[in-house]
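Indexing begins at 1, ligand by ligand and atom by atom, following the structure's order.
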Amino acid sequence: MWKAWGVPKLPGTDLPIVQSPMAGGATTPELVAAVADAGALGFVAAGYLSAEQLRDRITAVRERTRAPFGVNLFVPWPDRADSRAVDAYAERLAPDAERLDVALGKPRWDDDDWAAKVELLLADPLPVVGLTFGCPTDGTIAALQNAGSAVAVTVTTRTEAADAVAAGADALLLQGAEAGAHRGSWTPDAEPVPLATLLAEVRPLTDVPLVAAGGLADVDAVRRILAAGATYAQVGTALLRSPESGAPPLHKEALVTRTGTTITRAFTGRRARGLVNGFIRDHGPDEVEAYPQVHHVTRPLRAAAAKAGDPERMALWAGTGHASAQDAPAAEIIRALTP
Ligand SMILES: Cc1cc2nc3c(=O)[nH]c(=O)nc-3n(C[C@H](O)[C@H](O)[C@H](O)COP(=O)(O)O)c2cc1C
């Protein structure tokens, strides 16, 4: 890793801006390539993809840019779900499924094809690998580093940060409470911490680059977080409305027509921040902690809602800065966010 501003830098970054990996469709190869060409660090979102799909996704980005970019993987969670609670929750969703004329998915645990994706990245390394939902201590980090990748680990608490540094992380992705979509926490009980607090707690612990994420959607917010000691600002929601983003049109529209986000387990069984809608209001009170089981149950319902033009049953993931998200080319958004 090379040095700038007196601190180690991540490869592929001319600007202090990192694009959030956004699994589930928002992060297209066009988005990653546009961000990378603009001089920020782009991330392919490997979550929910098979290893084979990930390989194709990486190829598609390489066809569009020669700039370096990273890949983000979901670290598997242990299967800790109470299957009866998941079944009971699924029963309560039946009227929504009926309304959309779709069958709910079967609850199941999976590891998101973790081992095969790691294998792929060891055989064909990228400059940066991001890990979220946990931090492996089985030699995977060292193996990725030996293959030539810098490893960045998402942390949401001071304890996770200290543990990630001890595990050998080259950089920390600090995810504040304000962040859109899933919490990257390593355990279900980790309470969301506001980004400024998290940064103040973690900065004294380590010299590794700190990538700060959560609610950063205009240049003033970016300037403030960099002044507070972040090495980079990571932005997700701010890019969701760009033409390169694969977010459904209703999701793009909702970012500026709806107000108010909340953290809920209702859609996937794992805490995530989204715009408040009917599904959250109806099912938030009954939510169960069961990821990825509930994700698999609601997936067809969410897809059917998007197809039917029903924003009340879609997961409208959004960070707290959603109202500032611009409908502009990704490169323009990156330039506008750069102090
Ligand atoms: C639609 C969406 C999907 C996301 N998917 C991922 C993901 O696949 N992996 C990941 O590490 N973080 C994911 N995140 C969270 C981001 O890494 C980051 O924490 C967040 O975008 C920062 O907050 P902001 O959206 O307010 O900018 C996602 C965020 C959004 C909005």
Side-chain angles (χ1 to χ4, degrees), residues 17-28 31-32 35 40-49 53-54 57 70-75 112 117 128-135 151-156 160 164 171-186 192-195 198-199 210-219 221-222 225 230 232-242 245-248 250-252 254-255 261 263 267-268 270-275 291-292 295 302 306 314-326 330 333-334 337:
I17 310 283
V18 173
Q19 165 239 316
S20 295
M22 295 185 280
T27 302
T28 61
L31 180 64
V32 180
V35 166
L41 180 65
F43 263 109
V44 169
Y48 312 133
L49 302 181
Q53 289 170 320
L54 173 59
R57 204 59 71 93
V71 163
N72 167 265
L73 302 181
F74 288 177
V75 179
D112 203 47
K117 287 176 190 170
V128 189
V129 176
L131 303 176
T132 191
F133 298 168
C135 182
V151 177
V153 177
T154 298
V155 299
T156 63
E160 289 174 357
L172 302 182
L173 307 174
L174 304 186
Q175 189 195 42
E178 300 89 341
H182 284 122
R183 306 290 312 143
S185 304
W186 304 1
V193 180
L195 182 58
L198 186 60
L199 178 60
L210 301 181
V211 183
L216 307 175
D218 61 49
V219 69
V222 170
I225 210 70
Y232 299 91
Q234 185 180 21
V235 298
T237 301
L239 289 161
L240 274 179
R241 293 184 69 217
S242 67
S245 147
L250 279 175
H251 187 174
K252 292 184 175 185
L255 292 167
T261 63
I263 293 181
F267 285 110
T268 64
R270 176 185 187 98
R271 279 184 178 146
R273 185 178 289 282
L275 292 158
Y291 181 89
H295 160 75
R302 288 178 277 138
M314 293 166 61
L316 303 169
W317 301 137
T320 55
H322 62 90
S324 302
Q326 301 292 319
I333 295 173
I334 296 294
L337 289 172

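The residue from His322, Glu178, Arg273 that alone fulfils the side-chain hydrogen bond (donor to acceptor under 3.5 Å, both in side chains) condition with Thr261 is Arg273.
A search for side-chain contact (heavy atoms from CB on, under 4.5 Å) contacts involving Arg57 returns Pro29, Val44, Leu49, not counting sequence neighbours.
Below 4.0 Å from some heavy atom of Gly215 lie the following atoms of ligand 1, by number and element: 23 (O), 24 (P), 26 (O). Short contacts between ligand 1 and Ala213, defined as distances under 4.0 Å to a heavy atom of the residue, involve ligand atoms 19 (O), 22 (C). Less than 4.0 angstrom separates some heavy atom of Gly319 from each of these atoms of ligand 1: 26 (O). The distance from ligand 1 to the heavy atoms of Val235 drops below 4.0 Å at these ligand atoms: 27 (O).
Using a 4.5 Å heavy-atom threshold, the side chains of Asn72 and Leu131 count as separate. Contact of the Leu195 side chain with the Ile225 side chain is registered, since non-hydrogen atoms from C-beta on lie closer than 4.5 Å. Between Pro248 and Arg302, every side-chain heavy-atom pair lies at or beyond the 4.5 Å cut-off. Residues Thr132 and Leu73 form no side-chain contact, since every pair of their non-hydrogen atoms from C-beta on lies 4.5 Å or further apart.
Of the listed options Met22, Gln234, Arg183, His322, Met22 places a heavy atom closest to atom 31 (C) of ligand 1. Which of Ala23, Ala181, Gly214 comes nearest to atom 22 (C) of ligand 1 through a heavy atom is settled by distance: it is Gly214.
Ring to ring, Tyr291 and His182 are close: their centroids are under 6.0 angstrom apart.
Not a single heavy atom of Gly184 sits less than 4.0 Å from an atom of ligand 1. At least one heavy atom of Phe74 sits less than 4.0 Å from an atom of ligand 1.
Given atom 21 (O) of ligand 1, the protein heavy atom at minimum distance is Ser20 OG, 2.9 Å. Nearest non-hydrogen protein atom to atom 15 (C) of ligand 1 is Gly180 O, 3.5 Å. Protein heavy atom closest to atom 27 (O) of ligand 1, with residue, atom name and distance, is Gly236 N, 2.9 Å. Summary of contacts: the protein heavy atom closest to atom 24 (P) of ligand 1 is Thr237 OG1, 3.5 Å. In terms of protein heavy atoms, atom 11 (O) of ligand 1 is closest to Asn72 ND2, 3.1 Å. Scanning all protein heavy atoms for the shortest distance to atom 7 (C) of ligand 1 gives Pro21 O, 3.3 Å. Atom 19 (O) of ligand 1 has Gln175 NE2, 3.1 Å as its closest protein atom, hydrogens excluded (heavy atom only).
Rounding to the nearest 0.5 Å gives a distance of 4.5 Å between CG of Leu31 and CD of Gln19. Note that CD1 of Ile333 and OG of Ser324 are 11.5 Å apart. Values are rounded to the nearest 0.5 Å. We find the OG1-CZ distance between Thr154 and Arg183 to be 10.0 Å, quoted to the nearest 0.5 Å.
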